[in-house]
Amino acid sequence: MTLHSDVRMAVVVVGASRGIGRAIAKVAATQGTPVVLVGRSPEALAAAATDVRQQGGDAFALELDLVVGDATARLQDFLTTNGLACDVLVNSAGYGLRGAATTLPLDDQLGIIDLNIRALSDLTLHFLPGMVARGRGGVLNLASVASFTPGPNMAVYYASKSFVRSFSEALHQELRGTGVTITCVAPGPVATEFLERSGANRAPLFKILPKLSSEYVAKRAWNGFKSRRRLVVPGASAKLAMLAAALIPHAIMLPLISRLQRRSSDPCPCGSGKQYRKCCGAR
Ligand SMILES: NC(=O)c1ccc[n+]([C@@H]2O[C@H](COP(=O)([O-])OP(=O)(O)OC[C@H]3O[C@@H](n4cnc5c(N)ncnc54)[C@H](OP(=O)(O)O)[C@@H]3O)[C@@H](O)[C@H]2O)c1
């Protein structure tokens, strides 16, 4: 595919205003390609754009809610207006919720599917044909170690990350030989606002597990993508968790995760409105 000579290849990072996405944008900026930063919070986006410029990169910020309306079309319009094409897409926008599925708000749980699965798939499938036609670039998708097992008390989040890993690994294989790379990153806990926002940091599991820095994960993710890796599992504890999920039967693993992701003061899943420890947990 011949591109108009004044179209510039860009790295597009969705979920670039905070956390891992912001750190990946900073690493990508050192390559000298323009970086498009997408998120909802204008102040946080502006700060991320400053990071990118300090690395010598050209930053473009787009305030966009990925689950509202025609977000992908709006992103495409923004790129076209600025004379850019998406060479690399980084899907880092995502959220999770801890708690029993029967006690968490339905809309918030469906929102996880809308963002972590639907928006990620829409963006990936929208930009892939252009990448394939150019024979370069690719997609870096943020899954999680949660992708390796079902996750009682974070059920929708774990399932969404299984989707991301399955989808990404399948596309990696499909696109072999095209010059386009799909890399899936599956970190364990990372010290970002995600842990507070999801409520995960209040569960015993996340108190035990060490937390990686977003900078470390970003470097591993970007280097893995550049080396055309299918899967990047940053850090020893995430590799151990992946191994445990492969070796330990669900009959043992699921009660263990359920226990480690529940606080005894959480609302009981039976719907009594009582604390778990004073209801089904006391039986
Ligand atoms: N932190 C961890 O422990 C961990 C571990 C494994 C995997 N992950 C995965 O890594 C990815 C990044 O997580 P993080 O830790 O960096 O989370 P974070 O610090 O909470 O950042 C999430 C990013 O997603 C953006 N975002 C959220 N909803 C959006 C929406 N509707 N439209 C547009 N942007 C939206 C946020 O931007 P605004 O706030 O500006 O909207 C923010 O930039 C997620 O997919 C997460 O599941 C995280």
Side-chain angles (χ1 to χ4, degrees), residues 3-4 6-95 111-131 133-134 136-142 160 164 168 180 182-183 185 192-194 197 214-215 217-218 221-222 225:
L3 276 169
H4 200 267
D6 54 7
V7 172
R8 297 164 73 203
M9 294 293 104
V11 176
V12 176
V13 184
V14 302
S17 55
R18 303 173 203 282
I20 301 167
R22 179 170 170 175
I24 293 177
K26 212 168 151 183
V27 176
T30 60
Q31 313 273 300
T33 39
V35 181
V36 178
L37 306 145
V38 181
R40 289 171 305 179
S41 324
E43 301 82 13
L45 273 178
T50 303
D51 279 355
V52 165
R53 290 186 190 109
Q54 280 171 351
Q55 296 302 313
D58 202 357
F60 295 80
L62 174 63
E63 199 185 316
L64 185 66
D65 188 333
L66 291 165
V67 299
V68 173
D70 52 353
T72 299
R74 285 187 53 203
L75 173 54
Q76 181 58 63
D77 286 350
F78 180 83
L79 295 176
T80 307
T81 305
N82 286 285
L84 301 168
C86 178
D87 187 35
V88 177
L89 170 68
V90 180
N91 276 310
S92 191
Y95 78 97
I112 296 173
I113 295 172
D114 290 342
L115 182 63
N116 298 11
I117 298 180
R118 196 175 198 289
L120 175 141
S121 305
D122 190 6
L123 290 164
T124 302
L125 297 174
H126 173 81
F127 288 118
L128 268 182
M131 294 170 184
R134 293 187 291 270
R136 55 174 279 174
V139 184
L140 183 51
N141 280 336
L142 263 294
S160 76
V164 173
S168 307
V180 175
I182 311 289
T183 297
V185 189
T192 70
E193 291 174 35
F194 170 90
R197 286 176 169 189
S214 49
E215 290 76 16
V217 173
W222 190 255
F225 173 72

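These values consider heavy atoms only, across backbone and side chains, with no hydrogens, waters or symmetry-generated copies.
- Looking at every heavy atom in both residues, Ala44 comes nearest to Arg22 through O-NH1, 4.5 Å.
- Considering all non-hydrogen atoms of both residues, Val52 and Ala25 come closest at CG2-O, 3.9 Å.
- Summarising the geometry of Gly94 relative to Phe194, their closest heavy-atom pair is O-CD1, 4.4 Å, with the distance given to 0.1 Å.
- Leu79 has its side chain within reach of Cys86: a pair of non-hydrogen atoms, C-beta onward, lies under 4.5 Å apart.
- Taking the side chain as every heavy atom from C-beta outward, Leu45 and Glu63 approach each other to under 4.5 Å.
- The side-chain heavy atoms of Val88 and Phe225, taken from C-beta on, include a pair separated by under 4.5 Å.
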Between Thr50 and Gln54, does a side-chain hydrogen bond (donor to acceptor under 3.5 Å, both in side chains) hold up when you go through it step by step? CA-CA 6 Å; Thr50 303; Gln54 280 171 351; over 6 Å; no

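- Here Ile24 contributes atom CD1 and Leu140 contributes atom CG; the two are 5.0 Å apart, rounded to the nearest 0.5 Å.
- No side-chain donor-acceptor contact under 3.5 Å links Thr192 to the backbone of Gly19.
- Rounding to the nearest 0.5 Å places CZ of Arg40 at 13.5 Å from CG of Leu62.
- Considering OG1 of Thr81 and CG of Asp77, their distance stands at 6.0 Å, rounded to 0.5 Å.
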Going through the distances and angles, do Thr33 and Asp87 end up as a side-chain hydrogen bond (donor to acceptor under 3.5 Å, both in side chains)? CA-CA 9 Å; Thr33 39; Asp87 187 35; over 6 Å; no

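- The heavy-atom pair separating Ile20 from Ala218 by the smallest distance is O-CB, 4.4 Å.
- A distance-only check finds no donor-acceptor pair linking the side chain of Thr30 to the backbone of Lys26 [under 3.5 Å].
- Leu89 places a side-chain heavy atom less than 4.5 Å from the side chain of Met131.
- Using a 4.5 Å heavy-atom threshold, the side chains of Val180 and Phe127 count as separate.
- If you take CG on Leu142 and OG1 on Thr183, they are separated by 11.5 Å, rounding to the nearest 0.5 Å.
- For the atom pair OG (Ser121) and CG (Asn141), the distance works out to 8.5 Å, reported to the nearest 0.5 Å.
- Distance check, rounded to the nearest 0.5 Å: CG of Leu64 to OG1 of Thr72 gives 8.0 Å.
- The shortest heavy-atom contact between Ser41 and Ser17 is O-CB, 4.5 Å.
- Under a 3.5 Å cut-off, the side chain of Asn82 and the backbone N or O of Phe78 do form a donor-acceptor pair.
- Under the 3.5 Å distance criterion, the side-chain polar atoms of Asn91 are left unmatched by any main-chain donor or acceptor of Val14.
- Taking all atoms of both residues into account, the shortest heavy-atom contact from Ala59 to Arg53 is O-NH2, 3.1 Å.
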